[in-house]
Amino acid sequence: FGYQCKPNLYVGAGIGLHKFNAVIDSYPPRTDYKDPQPNDPDLNKFPFVPLYADVRYNMRSENFNTPWAALKLGGSVFNHGGLYASPSLGFHFASSQFFSFNVGVGYALHTAHYKLWCTGDTPGAIPDKSGKSYLDKTGVFHNAFVKVGVEF
């Protein structure tokens, strides 16, 4: 959600929901289940929920068809704390004063601090109060994307 401050400048804020399929480290499988399971960094179960400020600059001042550059910057606030940054470039196609399309390409970067649950015999494992063990991990997750949007 945001506001077009000037013909060239849009400022807003948003919240996202990003799910990653984490690459699991090659530690021994967990044995605290009936069937041994792979290590679980909880990234597969709990998505990133970034809260961010959004700034977009239109290259031309007229409201109709113009290229733009944007930056979303904030942090993941609920499940995995960490930085969120997402620069993107695209093109704005306006069909009227109140309706338009956007297409763009960009890059998203998340940093996160999380627990990688594992067996107690894993080197460096930290015992939890519940009797389970984990490794304290910090990760950087990134991806490229194509976006298509509608504004009204």
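Just so it is clear, the structure is predicted and the values come from calculations on it, not from any experiment.
- Counting only residues at least two apart or on different chains, the salt bridge (Lys or Arg N to Asp or Glu O under 4.0 Å) pairs with a member in residues 141-152 are Arg56-Glu151.
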Item checked: Audit row: Phe93, Asn65, side-chain contact (heavy atoms from CB on, under 4.5 Å) steps and yes/no -> CA-CA 5 Å; Phe93 301 95; Asn65 308 328; 3.8 Å; yes
Check: Does the side-chain contact (heavy atoms from CB on, under 4.5 Å) test come out yes or no for Thr111 and Tyr84, once each step is laid out?
Finding: CA-CA 7 Å; Thr111 62; Tyr84 170 69; over 6 Å; no
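- Counting all heavy atoms, side chain and backbone alike, Pro127 lies closest to Ala125 at CD-O, 3.9 Å.
- Here Trp68 sits alone; no ILVMFWY side chain lies under 4.5 Å from its own, so it joins no hydrophobic cluster.
- Phe1 and Val11 sit in two unconnected hydrophobic clusters of ILVMFWY residues. Membership requires side-chain heavy atoms under 4.5 Å apart, directly or through other members.
- The CG atom of Asp54 sits 7.5 Å away from atom OG of Ser88, with the distance rounded to the nearest 0.5 Å.
- Atom CD1 of residue Ile15 and atom CG of residue Leu51 lie 5.5 Å apart, to the nearest 0.5 angstrom.
- Here the straight-line distance linking atom CG of Leu109 with atom CG of Asn143 works out to 9.5 Å at 0.5 Å rounding.
- Judged purely by atom type and a 3.5 angstrom limit, Tyr10 uses its side chain to pair as donor or acceptor with the backbone of Gly2.
- One finds the CG atom of Leu89 at 14.0 Å from the OH atom of Tyr57 (value rounded to the nearest 0.5 Å).
- Under the 30°/60° scheme for interplanar angles, the aromatic rings of Phe101 and Phe99 are found to stand perpendicular.
- Val148 has its side chain out of reach of Asn102: every pair of non-hydrogen atoms, C-beta onward, lies at least 4.5 Å apart.
- Between the side chain of Asn58 and the backbone N or O of Pro7, at least one donor-acceptor pair lies under 3.5 Å.
- In this structure, the side chain of Thr66 engages the main chain of Arg60 through a donor-acceptor pair within 3.5 Å.
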Margin query: What verdict does the ring-ring contact (aromatic ring centres under 6.0 Å, His included) test give for Phe141 and Phe48, after you've listed the backbone C-alpha separation in whole Å, the side-chain angles of each residue and the deciding distance to 0.1 Å?
Written below: CA-CA 10 Å; Phe141 305 90; Phe48 288 88; 5.6 Å; yes
